[in-house]
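Structure first, then comments.
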Amino acid sequence: MTTIIRPRITEKAGIMSEKLNIYTFEVAQNSTKDTISKEIKTLYKVTPTKVRIVNLPARKVFVRGKKGEQSAVKKALVYLKKGDKINLA
């Protein structure tokens, strides 16, 4: 089972990757910092200096007159050294 689901492509994530060398990924709910770090090494051939995890809770939304719920997401912020880069395109 893979821990990394997809890269999180947002305006904020793009700015952080360009200026601060921090990449954002959506990860599985049961993943840990250690498993995320190992999978980044195998997939992208770079070693992260630090991994931070943020749990975004589910929230209620109201779209086109209907109530719904936006599912909860766990995201990982992966910090890289100055020379390292991940090509997400």
Side-chain angles (χ1 to χ4, degrees):
M1 187 181 101
T2 60
T3 56
I4 295 176
I5 298 170
R6 70 178 73 89
R8 195 167 171 90
I9 309 291
T10 61
E11 187 176 353
K12 183 178 181 180
I15 292 168
M16 285 174 30
S17 66
E18 289 173 6
K19 297 195 183 211
L20 303 173
N21 218 15
I22 302 170
Y23 293 87
T24 309
F25 296 93
E26 285 185 23
V27 294
Q29 287 292 335
N30 61 351
S31 57
T32 61
K33 291 181 181 185
D34 192 42
T35 58
I36 293 167
S37 178
K38 287 178 184 173
E39 193 158 334
I40 292 289
K41 284 180 192 174
T42 57
L43 286 176
Y44 298 107
K45 310 290 189 278
V46 292
T47 53
T49 57
K50 182 170 36 172
V51 175
R52 288 193 169 164
I53 294 176
V54 179
N55 281 308
L56 299 175
R59 59 184 199 178
K60 293 180 178 15
V61 292
F62 190 77
V63 179
R64 294 187 182 181
K66 297 190 181 196
K67 292 182 181 177
E69 188 171 291
Q70 197 174 41
S71 57
V73 174
K74 187 174 191 176
K75 68 178 184 177
L77 301 169
V78 178
Y79 291 69
L80 299 179
K81 289 187 294 188
K82 225 174 196 178
D84 291 346
K85 282 215 179 296
I86 294 177
N87 188 8
L88 299 176

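Residue indices begin at 1 and follow the sequence shown.
Heavy atoms only, all atoms of each residue included: Thr47 and Leu80 are closest at O-CD2, 4.1 Å. The two atoms that bring Val46 and Lys85 nearest to each other are CG1-O, 3.9 Å, heavy atoms only. Of all heavy-atom pairs spanning Leu88 and Tyr23, the tightest one is CD1-CD2, 4.0 Å. Asn21 and Lys82 make their closest contact through ND2-O, 3.6 Å (heavy atoms, listed as atom of the first residue, atom of the second, distance). Looking at every heavy atom in both residues, Ala72 comes nearest to Ala58 through CB-N, 3.6 Å. Residues Pro48 and Val78 come closest through the heavy atom pair CB-CG1, 3.7 Å.
The CD atom of Glu26 lies 9.0 Å from the NZ atom of Lys75; values are rounded to the nearest 0.5 Å. Annotation: the span from Thr35 atom OG1 to Asn30 atom CG amounts to 7.5 Å, rounded to 0.5 Å. Annotation: the span from Ser31 atom OG to Ile53 atom CD1 amounts to 5.5 Å, rounded to 0.5 Å. If you take OG on Ser17 and NZ on Lys12, they are separated by 13.0 Å, rounding to the nearest 0.5 Å. Rounding to the nearest 0.5 Å places CD1 of Ile86 at 4.0 Å from CZ of Phe25.
Each of Ile40, Ile36, Thr32, Asp34 was scored for a side-chain contact (heavy atoms from CB on, under 4.5 Å) with Val51, with one residue passing: Ile36.
Take Lys41 and apply the salt bridge (Lys or Arg N to Asp or Glu O under 4.0 Å) test, not counting sequence neighbours, and it matches no residue.
At distances below 3.5 Å, at least one donor-acceptor pair connects side-chain atoms of Lys74 with backbone N or O atoms of Gln29.
Hydrophobic clustering (ILVMFWY, side-chain heavy atoms < 4.5 Å, transitive): Leu56 and Ile4 are in distinct clusters. Cluster annotation: Ile9 is connected to Val27 through the hydrophobic network of ILVMFWY side chains, with a link wherever side-chain heavy atoms come within less than 4.5 Å. Leu20 and Tyr79 fall within the same hydrophobic cluster, where Ile, Leu, Val, Met, Phe, Trp and Tyr residues are linked whenever their side-chain heavy atoms come under 4.5 Å apart, directly or through other members.
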Using the side-chain contact (heavy atoms from CB on, under 4.5 Å) rule, take Leu77 and Met16 through it: C-alpha gap first, then chi angles, then the decisive distance, then the call. CA-CA 10 Å; Leu77 301 169; Met16 285 174 30; 3.7 Å; yes
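With contacts defined as side-chain heavy-atom distances shorter than 4.5 Å, the pair Thr24/Thr10 does not qualify. Side-chain contact between Val73 and Arg8: present, with at least one pair of heavy atoms (C-beta onward) separated by less than 4.5 Å.
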